[in-house]
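So that the names make sense, note that chain A is the first sequence line, chain B the second, and so on, each numbered from 1.
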Amino acid sequence: MRSSKVISVAAAGAVVLSLGLSACGGGDDSGDGGGGKAKFDAGSKGIVNASDKKGGTLVMAQPDDFESLDPANIYYAYGSDFFRLYSRTLVTYTSKPGEEGTKPSPDLAQGLGTPSDGNKTWTYKLKPGLKYEDGSVIKAQDIKYAVARTFDRGVLRNGPSYFTQMLEAGDYKGPFKDKNLDHFKGVTTPDDSTVVFHLKAPFSEWDQLVMFSGQTVPVPQAKDTGTQYGMHPFSSGPYKWQADYKMKQGGTLVRNTYWDPKTDPNRKALPDKVVVQSGLSADEIDNREIDGTVQIDLPGTGVQAAARQKILSDPKLKANSDDPLAGFHWYMPINTEIVPNVECRKAIVYATNRDALWRAYGGDVGGEMATSIMPADIQGREKGTDAYTKAQVGYTGDVNAAKQSLAKCGKPNGFAVTMLFRSDRPKEQAAAEAMEQALGRVGIKLTLKGYPHGTYTNEQFGSPAFNKKNNVGLGTYGWAPDWPTGYGYLQAGTDGKAIQETGNVNISMLKDPQIDKMWNDVVKVNDPNQRAQIYNQIDQRVRDLAAIIPTVYAKSLLYRSPKLTNVYVHSGYGMYDYANLGVTS
Amino acid sequence: MPDAVIAFLVRRLLGAVALLIVISLVTYGIFFLLPKLAGVSTDDLAARFAGKAPDATTLEAIKERFGLDKPFFVQYGEFMKTLVTGGDYDTGTSTVHCSAPCLGYSFRTNQAVTPQLLQRAPVTLSIAVGAAVLWLLAGVATGVVSALKKGSIFDRAAMIIALAGVSLPIFFTGLLGLAYVVHAWGILPEVNWTPLSQDPAKWFTSLILPWISLALLYAAMYARLTRAGMLETMNEDFVRTARAKGLRESTVVTKHALRATLTPILTVFGLDFGLLLGGAIITEATFGLPGLGRLALDGVNQSDLPVVVGVTITTALFVVLMNLIVDLLYAVVDPRVRLA
């Protein structure tokens, strides 16, 4: 009896895990207020049920929880989308559908940053009249403190580390260890409304870097509670926390009466209240969304398999759903150290069955066949020409070309490598099996090994030592940009300087002098169009080197509750814009 | 209380403490030593608590904060010391004291573990008690009737249902119940945890489905156990003697046969109920109830050692206590048993 119970607990755990795991992460204006005329995918193209009507309670739910509610300690897109309800940054995403949404827009700042000293100094001026939830004035010094506290990577360990890497701050360890803020030289505040960033090296996309994270959300030093701050962050946005947030249970946001909408063109703040329910099962969230008692599935990565089938087979439900590009590209890095000869790598790409991979990732609803490494939502991204492969439905690979490449590589009979995939993601397993079969046609023998997603990107596929030891030649992977430019998408995965021992993203181990030079040069270029051209060249070069197989740009099937107003998919987050949703009573 | 009983209790409590120490040591070992044997470095371990693609500085800071670089026994020693004497926790801006029994602070949520356990215990207790009442009543009654009417249609039907009940996991019956009973037919309200003290009616209606789902699994098992026990007991000499004395059949069944059958059931019940008090993992996860089981599941999924150790020790404590209570109850249920 005992053992059967253990087995059933383990099995249930696996199911619960798989339920939880499938979760991470537009102007057609119907304006009918009730969602009756909405069409499938209308929210990906424009605003559905456009409205300025205030009132009501918006209920959002999630199976797990945010990594933190402290905006400085958040990395993932849905947390960043959500914190805009109670926090403001110097610069934020423009709240508009379509490509406009990927552009930076001043938030606390009067305008975008002014670069000087060859892009090494960036200056922002605060808008007048900005206040916190207690009516006190938001000052430049609070933003300096907010940036300073991110230097303590023990206390704030989840957020991005761009500031600690790029600001000229010596060996400053953060205000928890060194209380004198004058010792922090990375940011200066000549007066109460001016914030100046001092960088070690030129960087042209500072506005985007400031935009994407919550690390410039002002924090008054007296209100900081360190590791506990995430339980009740001090509000600078349209809502404030009614009480302490309970992790894995939830909390309620109510209006912050000191927020002035005249200073904030990016947030409509329509509901009177926003309730967060955490810890529900993912399937139960789908049920409640369809019932209407929950309006938003917070992670924004799409419904589960059961609801997916229900929605796609019922025209009424389908009309209330969107299938946008989620910002992710599921691609496959080929390790250039394990497969050093470019002809051998080309053989892998030639032999890849693109049709089978596309189907493995869910076919039409699951995503679009990828051409470039950069997905479609990246500013200035060109579609790219197919290098050694074709992004066409029905294209199963070019066996002859693959065999010729193998011959040029000196391995006419093929070779053997290991391929990794996330064992708790059935789509990735199917993709790995499709690769095994496709490459087997030309004598390339893949040994498939699966690992859980929790350790995959750090300890296995993200560890160069592990890959070397286990002869890992390729694997399934996915990446979404930190911010939607070529730098935000490609740098971590292709720059030789970005290789890390743990959590490595440059899994191809690219150390190509041409690519590295382009990365060194692009940060000095101020014209975004010129930068985009360079990013496209890097993208093309990576594909020419057969270091990454473009696979599928992920789509996520989102249920758009008919109770929601003013709803559209925001390109910067790859999900609905949470700060601008309304709800009908 | 007789000396023999006191000695028995002291002996068992000392044993319980030793057992809890062993369990905490094993949990620590699983967390720190097993990954090491599998080739996971302390950097890898630290990366589990960091955000996307953490840099070396972040990993160093995490190792320092959580003491991941320290030798295993030093870490375990510090844990035991904090448990017994309490400890201080650095939030960055201040130092807060965690009084004994202090199980440390969660690596994920930065919250003290002991208050979390106390906060979640009522949820699990509500689920466990409600379900236990249901499964004991339904299971034992079905088992007795089945045994008395062995071979009847009732017996066969009950045993087939029991077999199905044992075979159907909660994540299946629970999800099915949610999909139909709650969402499609609207017979029961959504399952949202409401404390008993806040709204008894909501507490009750909200827990009906979890109780039934959980009880179905156990009732089936108890029905089969009771049936088997009753069948065996009904052939015992003392039952024949009771009948020969001219006692009514109902008295023979309830006072003599059932009483003897209850002993093994009590043993199993002690274990089952104790384990459940430590967290009805699948039920809580399926219905989104914030109990100890859900806490344990999240802790395991997120490598949150202090939480995992906390829940493990709590569960172990419940099992040990329930066993102790069961042993004491043996003497009440079965006159042949004497504590010594």
Side-chain angles (χ1 to χ4, degrees), chain A residues 1 5 8-9 11-13 15-17 20 64-65 67 73 75-76 149 152-155 157-161 164-165 174 176 224-228 230-231 246-249 277 279-281 283-284 287-288 290-291 293 306 454-455 457-459 462-463 466 482 492 500-505, chain B residues 39-41 43-44 46-62 64-65 89-94 96 105-106 108-111 119 169-171 175 178-179 182-183 190-193 221 268 271 275 281-282 285-290 294-295 297-298 300-303:
Chain A
M1 189 186 72
K5 192 177 285 179
S8 66
V9 167
V15 168
V16 170
L17 254 175
D64 196 354
D65 217 319
E67 63 251 70
N73 208 18
Y75 209 142
Y76 289 97
R149 68 200 282 275
D152 195 318
R153 303 293 296 164
V155 173
R157 56 183 183 272
N158 294 314
S161 50
T164 52
Q165 289 169 359
F176 307 125
D224 193 8
T225 50
T227 58
Q228 311 298 300
M231 306 311 287
K246 286 185 180 166
M247 282 305 245
K248 317 278 174 164
Q249 292 182 54
Q277 298 176 352
L280 296 174
S281 82
D283 284 291
E284 177 62 1
N287 286 333
R288 290 187 187 191
I290 292 170
D291 277 3
T293 53
T455 58
T457 53
N458 282 328
E459 297 169 31
S463 160
F466 179 93
D482 279 354
Q500 300 184 164
E501 285 176 20
T502 296
N504 181 33
V505 180
Chain B
V40 174
S41 67
D43 272 357
D44 291 339
R48 293 181 187 182
F49 308 108
K52 197 162 114 178
D55 63 350
T57 317
T58 306
L59 297 179
E60 281 307 314
I62 292 172
E64 187 196 327
R65 185 164 184 85
Y89 173 77
D90 174 22
T91 66
T93 51
S94 63
V96 287
Y105 278 71
S106 156
R108 294 279 169 187
T109 64
N110 300 308
Q111 302 301 299
Q119 193 196 355
I170 293 166
F171 57 81
L175 288 180
L178 278 173
V182 174
H183 295 288
E190 280 176 355
V191 179
N192 290 312
W193 166 247
M221 214 152 48
V268 179
L271 269 179
L275 270 176
I281 295 179
I282 306 166
T286 305
F287 294 102
L289 293 165
R294 178 77 211 206
L295 189 68
L297 186 66
D298 289 340
V300 171
N301 282 346
Q302 302 181 331
S303 308

Chain A shares the most heavy-atom pairs under 4.5 Å, among B:A46, B:S106, B:A61, with B:A61
Interface check, chain B: of A:T227, A:T225, A:D224, most non-hydrogen pairs under 4.5 Å belong to A:T227
Checked B:I62, B:T57, B:D55, B:L178 vs chain A; the most non-hydrogen pairs under 4.5 Å come from B:D55
So, the part of A:R288 with a heavy atom under 4.5 Å from chain B: the answer is both
* Asked: Between B:R108 and A:D65, is there a side-chain N and carboxylate O pair less than 4.0 Å apart?
  -> no
d(B:T91 OG1, A:F176 CZ) to nearest 0.5 Å is 8.0 Å
Answer key: most heavy-atom pairs under 4.5 Å with chain B among A:N504, A:V505, A:N458 is A:N458
Turns out that what part of A:T502 lies under 4.5 Å from chain B's heavy atoms comes down to both
Please confirm whether the backbone N or O of B:F49 pairs with a side-chain atom of A:R157, one donor and one acceptor, at under 3.5 Å? yes
Okay, B:Y89 and chain A: the region with an atom under 4.5 Å from a heavy atom over there is side chain
Residues A:S281 and B:L175: closest non-hydrogen pair is OG-CD2, 4.4 Å
Given the options A:K246, A:K248, A:Q249, B:P290 meets side-chain contact (heavy atoms from CB on, under 4.5 Å) only with A:Q249
Quick test of your reading of the model: are A:R153 and B:E60 salt-bridged, counting only N-O distances below 4.0 Å?
no
In terms of heavy-atom pairs under 4.5 Å with chain B, the winner among A:D152, A:T455, A:T293, A:T164 is A:T293
The interface call for A:S463 against chain B, heavy-atom contacts under 4.5 Å, is neither
The interface call for B:L59 against chain A, heavy-atom contacts under 4.5 Å, is side chain
One pair to check against side-chain hydrogen bond (donor to acceptor under 3.5 Å, both in side chains): B:Q302 and A:D64. What are the steps and the verdict? CA-CA 11 Å; B:Q302 302 181 331; A:D64 196 354; 3.2 Å; yes
Quick one, B:K52 with A:N158, criterion side chain to side chain contact (heavy atoms under 4.5 Å, CB included). Give me CA distance, side-chain angles, the key distance, then yes/no.
CA-CA 7 Å; B:K52 197 162 114 178; A:N158 294 314; over 6 Å; no
Between A:S161 and B:T58, the two heavy atoms sitting closest are CB-OG1, 4.4 Å
Side chain B:R294, main chain A:G279, donor-acceptor under 3.5 Å | yes
Note: vs chain A, highest number of non-hydrogen pairs under 4.5 angstrom among B:V182, B:D298, B:T109 is B:D298
Turns out that what part of B:S94 lies under 4.5 Å from chain A's heavy atoms comes down to neither
Between the NE2 atom in B:H183 and the CD1 atom in A:I290, the distance rounded to the nearest 0.5 Å is 9.5 Å
Ranking B:A56, B:G288, B:G92 by heavy-atom pairs under 4.5 Å to chain A gives rank one to B:G92
If you tally heavy-atom pairs under 4.5 Å between each of A:L280, A:D291, A:N73 and chain B, the highest tally belongs to A:D291
Per-residue tally against chain A (heavy atom, under 4.5 Å) across B:P54, B:A179, B:G39, B:S303 peaks at B:P54
CD of A:E459 to OG of B:S41, rounded to nearest 0.5 Å, is 7.5 Å
Here the gap from B:N110 atom CG to A:M247 atom CE, rounded to the nearest 0.5 Å, amounts to 8.0 Å
The interface call for A:Q500 against chain B, heavy-atom contacts under 4.5 Å, is side chain
Kindly indicate, with the supporting measurements, whether the criterion side chain to side chain contact (heavy atoms under 4.5 Å, CB included) is fulfilled by B:R65 and A:V155. CA-CA 8 Å; B:R65 185 164 184 85; A:V155 173; 3.9 Å; yes
